[in-house]
Amino acid sequence: MTDWQIAPRVMTGPPEGGAVLRGAIASLRKRGITGDLDPVALLRPGVMLDAARIHAYAQVCGFGERGGVPLTYPHLLAFPLHMAALLAPSFPFPAIGLVHLENTIVQHAKLDSGDRLDVMAGFGAWITHEKGQAFTVESRIARAGQIVWESASLYLRLGVDAPKGAPYQGLPADELPLATIRRFDLPANLGRRYARVSGDSNPIHTSAIAARMFGFPRPIAHGMWTKAHALAQLLPDEPIEHAEVRVAFKTPAFLPGGACLMVAPDSSPLVFELRDRREQKPHLRGLLKDVRYVDR
Amino acid sequence: MLTANSLRRVAIIGGCRIPFARANTAYAEASNQDMLTAALQGLVDRHKLHGERLGEVVAGAVLKHSRDFNLTRESVLSTTLDHATPAYDVQQACGTGLEAALLVANKIALGQIEVGIAGGVDTTSDAPIAINERLRKVLMKANRGKTTGQKLAALAAIRPRMLMKPELPRNSEPRTKLSMGEHCELMAKRWNIARAAQDELACASHRNLAATYARGFFTDLMVPFRGLTRDNNLRPDLSMEKLAALKPAFDKHGGTLTAGNSTPLTDGAAVVLLATEDWARAHNLPILAYLRAGETAAVDFVNGDEGLLMAPAYAVPRLLEKLGIMLQDFDFYEIHEAFAAQVLCTLAAWEDAGYARDRLKLDTPPGPIDRTKLNVAGSSLGTGHPFAATGGRILATLAKLLAEKGKGRGLISICAAGGQGVVAVVER
C-alpha cells in the first residue's frame, strides 16, 4: 500500500506511446506469484489544466462549455501514472488483461483551466474478489498543497488463487425502479475519438481486429467515457464545487451501438445505470452524491 | 404596428377539417398539400369565399418535405380563393395550428388584415425520407465539382452501405433521443398518474367524440376526404376492459402509457376562418366566438428537471393573470390529449401548492377544474393527432361549443415538442 508520507518518485512527462506498448507486452511474462504493491507514490508536479485539451475532452464526452473542468477530466492527468505503476517491474501482474471494475471520484474544490496541479498516484490495498485478485490504484491531485481531487480505480486480475486482502464490497444492488432519461448512439469511431483526447489508446477500444484478438466481437467503449458521458447528462452545465461519484463497470458496450441512461428518480445518492438500447444489459451502475455548485 | 384606429376583436367565423386518419390507412397516399388543400377548399366552399382575396393564409406542417417549402401558398393556389391571397408557413411542433391562429388573430386585431385563415396539416404516412448524411455530403461535393473528372472523383466515394441507409424522421427529442412517449412516461411517474385514470380519460374521449358525431355537431366543421366521413381512430365501443388489456407501450416494466391512452400517429388537416366583426357582417357570416388571448411558454426539460410536456402548466396561469380571471372561470376546457397522462399531469400540477410556489411562482395554486367541462366533444385520443392540424381542430370545436351555449368562455391548452406549450382563451 502506498505510503503518501514518503517522498514520491517524480515522473517528468507522460510515458511515450511506444514505450507503453513495449512495456505492456513485456509485462505479459509476469507470473504474479510474489511481490507486494510498491509503497512509493508517483508524482507529476505542476501539470497545467490546459483549456484546449479540456475543450476537446468535453466535446467527445458531451460536457457543456459553462461547466468548466469536467468532473472526470483530472483522471486523464493521473492516467499516465496509473500506466507507469502497472508497468513497473515490481508490479506482479501483466498490465494487459486487467479488468477495470470500478472508479470513484471525489472533487473537493472548483478547478479552473490554467491551474497548476501536482498529480500523484499509488497503489491502494489488495482486495479479495471472487474471480481473482483485485486492487486499487489511487490518485490524489493537489493545488498549492491542498488536495482538490481524488480517485480510486479498482482493477481485477482474473484467475488468481487465494487472493489477498479484505473482501470486495460491490455497489449496493437494491432494486430501485429505474426510468430512462436519455438515449444515445455509440458511433463506430467513439473509441478512436476518446483515445485521441484521453491518451488511453488501448487497441480493444480503437481497432476491430485488435478487439477480436482480445476476445471481443467488436471494439468496446472506454469505461471512463461511459462514466464521463453519463455524468455529462446527469450534471447541469455549471461549475462544481464538490461531488462524489462511484461507478462499477458491468458489461462492455460494443461499438458501434447505442445506449440509454436510466436513473432511480428522487434517489439519494442518485442511482444511475447505463444500459444497452433495450434497457436490459447494464454497462455501468453508479452512485452520485454530495454535488455542490459554485454559484448556488 | 397598430394599423387601425384601435384594436379590433377577432371573430372565429368557422372551421373546416378533413376527418383524421390513422397513419398508413385512408390517407397513406395523400400528401400534406393534398390534405391542406382539401381542408382549405372545404372552408372556402362552406363560407362562399370563391374568388375572395383574403388578408393571409397561415398554416404549417411538422413533418415536411423539402419541396414543401411554400406549402401553404401552394395549397392556396390549388383552391378557388383569389390567387392574390398571400400565405406563409409556420412550424411550432404540435403548437403549429394554434400558433398560426394567434399570428393571424394578432394581425386582424392590429388592423393589418381584415380576414385570414389559420391551420395546419400533417402526414406520417407520406413522411419525408432523406438520404443519409454521408451520401448527401458526397453528392453535394460532386455537385460542387467543376469538371466531369472532379464530379466522378467525388462520386467514387459512394459505398453500397450509404445507399441502403435512408434517414427517417424520428419522433424523438433531438437532445435526449427519448421518444415523446418515454418523456411522458417520466412525467406520469413524477406525478404518480395511475394507469386506470389514464384509461378512463381515453374512454371518455372516445365516448364524447362518438356522442358529438351522433348529434351531428361536426357536420359543418368537416369535409369528407378520400372516402372518410369521420375519424377512423374513433372506437365508440371502447371499454375500460379493452384498454386494461393493452401492454405498456414505452416502459415495458412498470409503465402506464399504452397505445390506448396515447395518441396514434395520424394524418389530417384543419383550418379556421378568422376575421373582424365588420368583415363578418359585410359577408353575412355569423360569428361563432372570439379569440380573446394567447400565450406561449417553454420549459427546460433538458437540464431543468421539468417534464417535456409541462409548458402549458406555466402558460395558462400566466395568461390568466394577464386577463384577471381564475382557472375556474371557464365553461369549457380543451386540453389537447397528446397522452392522457399529459392532461392528468397538467391538472395535477395546477392543484399542487408546492409546484405552484416553486415552479409557477404563485402564492396559491390555480386549483382544480370541473372535470365535466373537460374535452366535452372528445379530443385527440379519440380523433387522433396530426401534429399541426390539432390546433385548428380544437379552436373550431371550442368556438362552436361556445356558439351552441350562447355565452361563455373556453380554454385551449396544447403541449408541443421541445418543451413548449401554446394556450389560448376563446369567449362569446
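All chains are named by letter (A, B, ...) in the order of the sequence lines, taking the proteins before the strands, and each is independently numbered beginning at 1. Values below: all heavy atoms of this structure, side chains included; hydrogens, waters and symmetry mates excluded.
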Practice problem: For V263(A), check side chain to side chain contact (heavy atoms under 4.5 Å, CB included) against everything at least two apart and list the hits. | Solution: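 Expected list: I181(A), L234(A), L270(A), F272(A).
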Quiz item: With sequence neighbours excluded, what pairs up with I158(B) under the side chain to side chain contact (heavy atoms under 4.5 Å, CB included) test?
Solution: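 Partners of I158(B) under the side chain to side chain contact (heavy atoms under 4.5 Å, CB included) test: L135(B), V138(B), L139(B), L155(B), L163(B).
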Pairs of donor and acceptor atoms, chain B with chain A, under 3.5 Å:
unit_1  : atom_1 : unit_2  : atom_2 : d
T176(B) : O      : R183(A) : N      : 2.8
E182(B) : OE1    : R183(A) : NE     : 3.1
E182(B) : OE2    : R183(A) : NE     : 2.8
E182(B) : OE2    : R183(A) : NH2    : 2.4
V302(B) : O      : R182(A) : NH2    : 2.8

Quiz prompt | Under the ring pair (Phe, Tyr, Trp, His ring centres under 6.0 Å) test, residues paired with F339(B) that sit two or more places apart | solution =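 Partners of F339(B) by the ring pair (Phe, Tyr, Trp, His ring centres under 6.0 Å) criterion come out as none, since no residue qualifies.
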